[in-house]
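Below is one structure; the comments refer to it alone.
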Amino acid sequence: MTTQKFTFEYVSYPDSSELSPADEQLLTRARKVTENAYAPYSNFFVGAVILLANGETVQGTNQENASFPVGICAERTALSTASSLYPGVGIDTIAVSYCNKNGGKNDAPISPCGICRQTITEYENRQQKPIRIIMSGQSGKVYVLQTAKHLLPFGFTAEDME
Ligand code: THU
């Protein structure tokens, strides 16, 4: 018997001013694009902006539905759009932010939900290259992760079906 351990490192910034100019720009856009979300049911407006390997950027927001499970998260909207507009182009980074209009906090990072973690990992496996993830609210702390795999230990992939 052996006990295994899974750990990962991420970088935590006190605010966006310490990010590289490219990362800061991406996060600023993710914060702003939350305005485009359709979130009348949760009042939780999420924005995601993707930087592609060709330098293009693609954005997405959460799109809710009166039939709640039909709604889609910002991350998956952005990923589907990126893959549809630029098939085969690598995804370098995804920045995720939100605007909580329920009177709650807006200054702490959120991380992608389980389905989005699975989805980002699928794109990583497709491109055989990690996708960086930047997470932050409208202000305050920023977390930067080097790969979606760190958010999904023991994730199920196509390899498991070989
Ligand atoms: N949501 C996202 O778009 N991304 C996340 O990472 C977390 C949750 C959306 C789904 C739903 O529309 C709202 O936020 C509240 O859960």
Side-chain angles (χ1 to χ4, degrees), residues 6 8-16 19 22-52 56-86 90-127 129-157:
F6 174 85
F8 75 94
E9 289 181 357
Y10 63 98
V11 184
S12 173
Y13 298 89
D15 60 60
S16 61
L19 294 172
D23 282 356
E24 188 174 21
Q25 206 182 356
L26 212 62
L27 175 58
T28 300
R29 279 196 48 196
R31 285 172 169 168
K32 172 92 178 135
V33 81
T34 58
E35 290 168 11
N36 295 1
Y38 175 64
Y41 305 104
S42 72
N43 269 324
F44 196 79
F45 295 68
V46 186
V49 181
I50 288 173
L51 174 66
L52 294 161
E56 296 286 346
T57 54
V58 174
Q59 62 194 37
T61 55
N62 55 331
Q63 299 293 315
E64 298 186 345
N65 193 284
S67 173
F68 292 179
V70 177
I72 182 168
C73 293
E75 294 91 326
R76 278 175 291 136
T77 306
L79 289 162
S80 300
T81 305
S83 184
S84 302
L85 289 175
Y86 301 102
I91 294 168
D92 185 82
T93 305
I94 180 165
V96 185
S97 184
Y98 67 96
C99 181
N100 182 356
K101 296 192 182 170
N102 292 305
K105 65 180 183 319
N106 269 304
D107 60 355
I110 55 158
S111 62
C113 78
I115 297 179
C116 288
R117 291 173 196 212
Q118 182 75 23
T119 307
I120 304 169
T121 305
E122 180 80 18
Y123 284 99
E124 277 194 341
N125 291 333
R126 262 175 83 180
Q127 67 183 30
K129 240 187 123 205
I131 297 174
R132 297 171 65 244
I133 308 177
I134 302 172
M135 313 169 190
S136 189
Q138 288 298 313
S139 61
K141 265 190 193 173
V142 183
Y143 295 158
V144 181
L145 277 69
Q146 291 309 318
T147 167
K149 284 199 180 74
H150 287 163
L151 288 178
L152 199 64
F154 288 94
F156 179 73
T157 69

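Ligands are counted one by one from 1 in listed order, and the atoms in each one are counted from 1 as well. Atoms considered below: every heavy atom in the structure, side chains included; atoms not considered: hydrogens, waters and symmetry mates. Since the model is a prediction, treat every value here as computed from it, not as a measurement.
- Residue pairs meeting the side-chain hydrogen bond (donor to acceptor under 3.5 Å, both in side chains) criterion with at least one partner in residues 68-83, sequence neighbours excluded, do not occur; the list is empty.
- Protein residues having a heavy atom under 4.0 Å from any atom of ligand 1 are Ser42, Phe44, Val46, Asn62, Glu64, Cys73, Ala74, Glu75, Ser111, Pro112, Cys113, listed by chain and number.
- Nearest heavy-atom pair, Ala39 versus Phe44, reported as atom, atom and distance to 0.1 Å: CB-O, 3.5 Å.
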- When you look at Glu124 and Leu152, which way does the side chain to side chain contact (heavy atoms under 4.5 Å, CB included) test go after all the steps? CA-CA 12 Å; Glu124 277 194 341; Leu152 199 64; over 6 Å; no
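- With contacts defined as side-chain heavy-atom distances shorter than 4.5 Å, the pair His150/Tyr10 does not qualify.
- Side-chain contact between Ile120 and Pro112: present, with at least one pair of heavy atoms (C-beta onward) separated by less than 4.5 Å.
- Using a 4.5 Å heavy-atom threshold, the side chains of Met135 and Ser111 count as touching.
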